[in-house]
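Comments concern the structure below.
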Amino acid sequence: MKFLLGYLDPNSGSVILQAILGLFLAVGYFFRHTVTGFFRRSSKKNVAAKKVDTTQKTDGEETAE
Amino acid sequence: MTRHESSFRDPLGYIFQYKGNIYRHVAHEAQEDYDLLYSSGLYEVLTQKGLLIPHKEVTDPRGTTHDAYKVILPEQLECITYPYEWSFSQYQDAAILTARVQKIALEYGMTLKDASAYNVQLHKGKLVFIDTLSLAKLTQSHWEGYKQYCEHFVVPLLLMSTVDLRMGLLMRDFIDGVPLEIATKLLARRVKARPGVLTHIVAHSAAQKRYAGNQRTAVKHQARKLNRQQLVALIDSLERLVKSLKVPAKMSSEWHKYYEFTNYSDTSFKEKQKFIRDFAAQTKPDAIVDVGGNDGTFVREAQKTIPVLSVAADIDPLAVEEGYRQMLQNKEQSFVPLRIDLTNPSPGIGWANTERTSFTDRMPGKRRLILALALIHHISLSNNVPFQQFAQYLASLGQYLVIEFVPKGDSKVDILLANRRDVFTYYTQKDFEAAFSEHFTIQKSQKLKGTKRTLYVMKRKATA
């Protein structure tokens with residue numbers, strides 16, 4: 001009987017699961033792409049800033065020479 | 001004009017063949033979706049990124065009797081391959097491509113209405129999505145292709161990665177994807193406990209069972225519409241699961257890295273390479289098919305003189321995996337690696353056995369060169385296929401043949417016969433030549449230095 005129902009089934013289980021998963025996955029997605037993304041961007045900025053500092057220092061030293 | 005046998009699942013269009021070209025018929029009912037594909041800018045984005053096969057709109061070559069909204073001529077594919085013939089990485093890349101297309105489509109207010117693995121093909125060294133009419137306006141509150149994506153991509157890849165690479169062959173029996181229920185029975189507990197597997201496979205399968213035929217509950221839940229961000233999150237989760245899968249690290253095979261452990265000397269290996277290069281240059285084929293091609297080493301040799309589309313078919317999934325990786329690394333545009341067991345090549349499957357055609361019926365080109373190197377002992381001794389039948393099959397594949405005869409006394413043949421009674425009295429070079437001469441004209445033969453093996457060049461007889 002289950003087999004027959006499976007054959008006729010318009011993917012109800014799939015639709016229901018998506019409705020449930022949608023909420024949880026969206027929260028995870030938000031954290032991964034927004035919150036983590038924010039920290040990644042700021043850490044990149046810090047690295048870039050440090051690089052600029054180093055370059056400026058080197059430039060300065062060269063000028064001093 | 002012939003409507004393609006595989007093109008009946010979508011009522012909004014179909015592909016047909018006309019004078020050797022493949023066209024796509026867009027029905028009037030597909031007008032809104034088709035127009036949106038252009039007006040939204042999605043077609044341009046996907047084709048520019050190389051994700052969707054480009055096409056041009058043409059006048060219906062069949063005349064006006066077929067009442068199409070549009071007829072399009074896509075860039076023509078040289079070789080059609082099926083998921084059960086792909087290496088793990090090719091399959092994984094096809095899954096990632098489909099997820100990417102769906103993510104981008106969502107940004108443009110469109111969606112993939114299905115997620116068939118057959119919609120992805122290898123074209124000029126890259127995977128590309130070929131079913132333009134799969135892209136439709138986003139109207140549903142859920143992704144219609146979710147279950148299909150799981151069964152066409154996630155389940156086969158999970159089974160290949162955690163059970164055995166050959167599990168991809170299940171797609172041959174389950175033409176519309178390996179059922180979730182089967183996956184839950186085959187996967188190990190520790191695999192099923194992984195969050196992505198638990199949600200997309202285990203819970204999915206349970207939900208399917210629980211709500212099968214329960215339309216009222218489905219309608220109730222459908223009322224909870226997934227917004228675009230939730231749909232993107234769903235695809236993102238599937239994509240991360242697919243990307244997390246790897247070729248089993250401990251897996252090794254008889255054929256993987258075969259050429260590093262052969263009994264050829266460097267000289268005879270180079271001699272064999274030169275022989276193939278020279279013959280390929282001489283015959284000028286429009287396609288080359290190596291039916292025991294391993295990672296494609298010898299087919300690539302032939303391509304050095306004739307850079308035509310070349311297929312390396314092999315029984316070993318790791319060798320095919322290696323071939324695919326090399327193809328990507330070298331940015332090769334005319335190389336097709338396929339997992340094919342020559343003693344049981346892909347048959348015609350699906351509706352009327354014609355929906356997905358056999359390996360033999362999908363040979364690329366018209367003037368083919370077939371390579372069958374160091375293969376005959378596996379076919380005739382391990383699988384007991386008589387020389388006559390092997391010759392007949394090879395003659396059905398192509399006009400030209402380079403074949404290597406491996407006689408008794410060769411170390412590899414000795415291994416094959418080590419634990420069995422040698423009943424193969426016919427397995428002699430003389431019988432081999434006689435059997436192949438029925439279908440081919442032997443044009444040249446050359447003994448390989450330092451071995452007992454002989455290379456033959458043959459041309460199919462006109463009557464064969």
Side-chain angles (χ1 to χ4, degrees), chain A, chain B residues 103 106 111 114-115 140-151 154 176-177 179-182 195-196 198-241:
Chain A
M1 190 62 185
K2 266 188 178 175
F3 175 77
L4 285 176
L5 284 174
Y7 199 69
L8 295 168
D9 177 45
N11 287 338
S12 314
S14 192
V15 173
I16 292 163
L17 182 71
Q18 283 185 65
I20 300 162
L21 283 183
L23 296 169
F24 296 103
L25 293 175
V27 173
Y29 184 80
F30 174 78
F31 271 96
R32 250 189 321 281
H33 291 262
T34 316
V35 181
T36 328
F38 170 77
F39 284 113
R40 261 191 217 142
R41 275 195 299 276
S42 35
S43 74
K44 267 185 193 168
K45 268 184 194 170
N46 288 341
V47 173
K50 274 181 189 172
K51 272 188 184 168
V52 172
D53 281 344
T54 325
T55 326
Q56 279 172 348
K57 215 181 250 176
T58 318
D59 286 345
E61 282 163 7
E62 277 170 2
T63 320
E65 278 173 14
Chain B
K103 263 189 188 172
L106 287 170
T111 182
D114 63 357
Q140 294 285 344
S141 54
H142 59 276
W143 185 29
E144 278 182 281
Y146 175 51
K147 181 167 167 276
Q148 199 178 28
Y149 187 89
C150 290
E151 295 187 330
V154 185
D176 201 20
L180 298 168
E181 197 186 346
I182 288 192
L198 197 61
T199 47
H200 298 300
I201 307 299
V202 182
H204 200 167
S205 172
Q208 278 296 115
K209 264 191 219 166
R210 170 81 177 78
Y211 298 106
N214 193 340
Q215 188 57 12
R216 198 180 293 172
T217 324
V219 170
K220 201 178 98 191
H221 277 81
Q222 230 173 331
R224 286 190 207 163
K225 287 192 173 183
L226 264 74
N227 59 35
R228 204 173 297 182
Q229 199 184 348
Q230 287 172 329
L231 284 169
V232 171
L234 180 77
I235 311 304
D236 188 69
S237 168
L238 288 166
E239 193 182 352
R240 279 187 299 116
L241 172 58

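The analysis underlying the following values was restricted to heavy atoms, covering all of them including side chains, and did not include hydrogens, waters or symmetry mates. Keep in mind it's a predicted model, so treat the numbers as computed, not measured.
Contact between A/Ala26 and B/Gln230 at its shortest, heavy atoms only, is CB-CG, 3.6 Å. Smallest separation of non-hydrogen atoms from A/Leu17 and B/Thr199: CD2-O, 3.5 Å. Annotation for B/Lys147 and A/Ser14: closest pair CB-OG, 3.6 Å, computed over non-hydrogen atoms.
Taking CG from B/Asp236 and NE2 from A/His33, the interatomic distance works out to 4.0 Å, rounded to the nearest 0.5 Å. Rounding to the nearest 0.5 angstrom, the gap separating the CD1 atom in B/Ile235 from the OH atom in A/Tyr29 is 10.5 Å.
A donor-acceptor contact shorter than 3.5 Å links the side chain of A/Gln18 to the backbone of B/Trp143.
The closest side-chain heavy-atom distance from A/Asn11 to B/Gln148 is not below 4.5 Å. B/Arg210 places none of its side-chain heavy atoms less than 4.5 Å from the side chain of A/Ile16. Two residues are said to be in side-chain contact when any heavy atoms from C-beta on lie closer than 4.5 Å; B/Leu234 and A/Leu21 meet this criterion.
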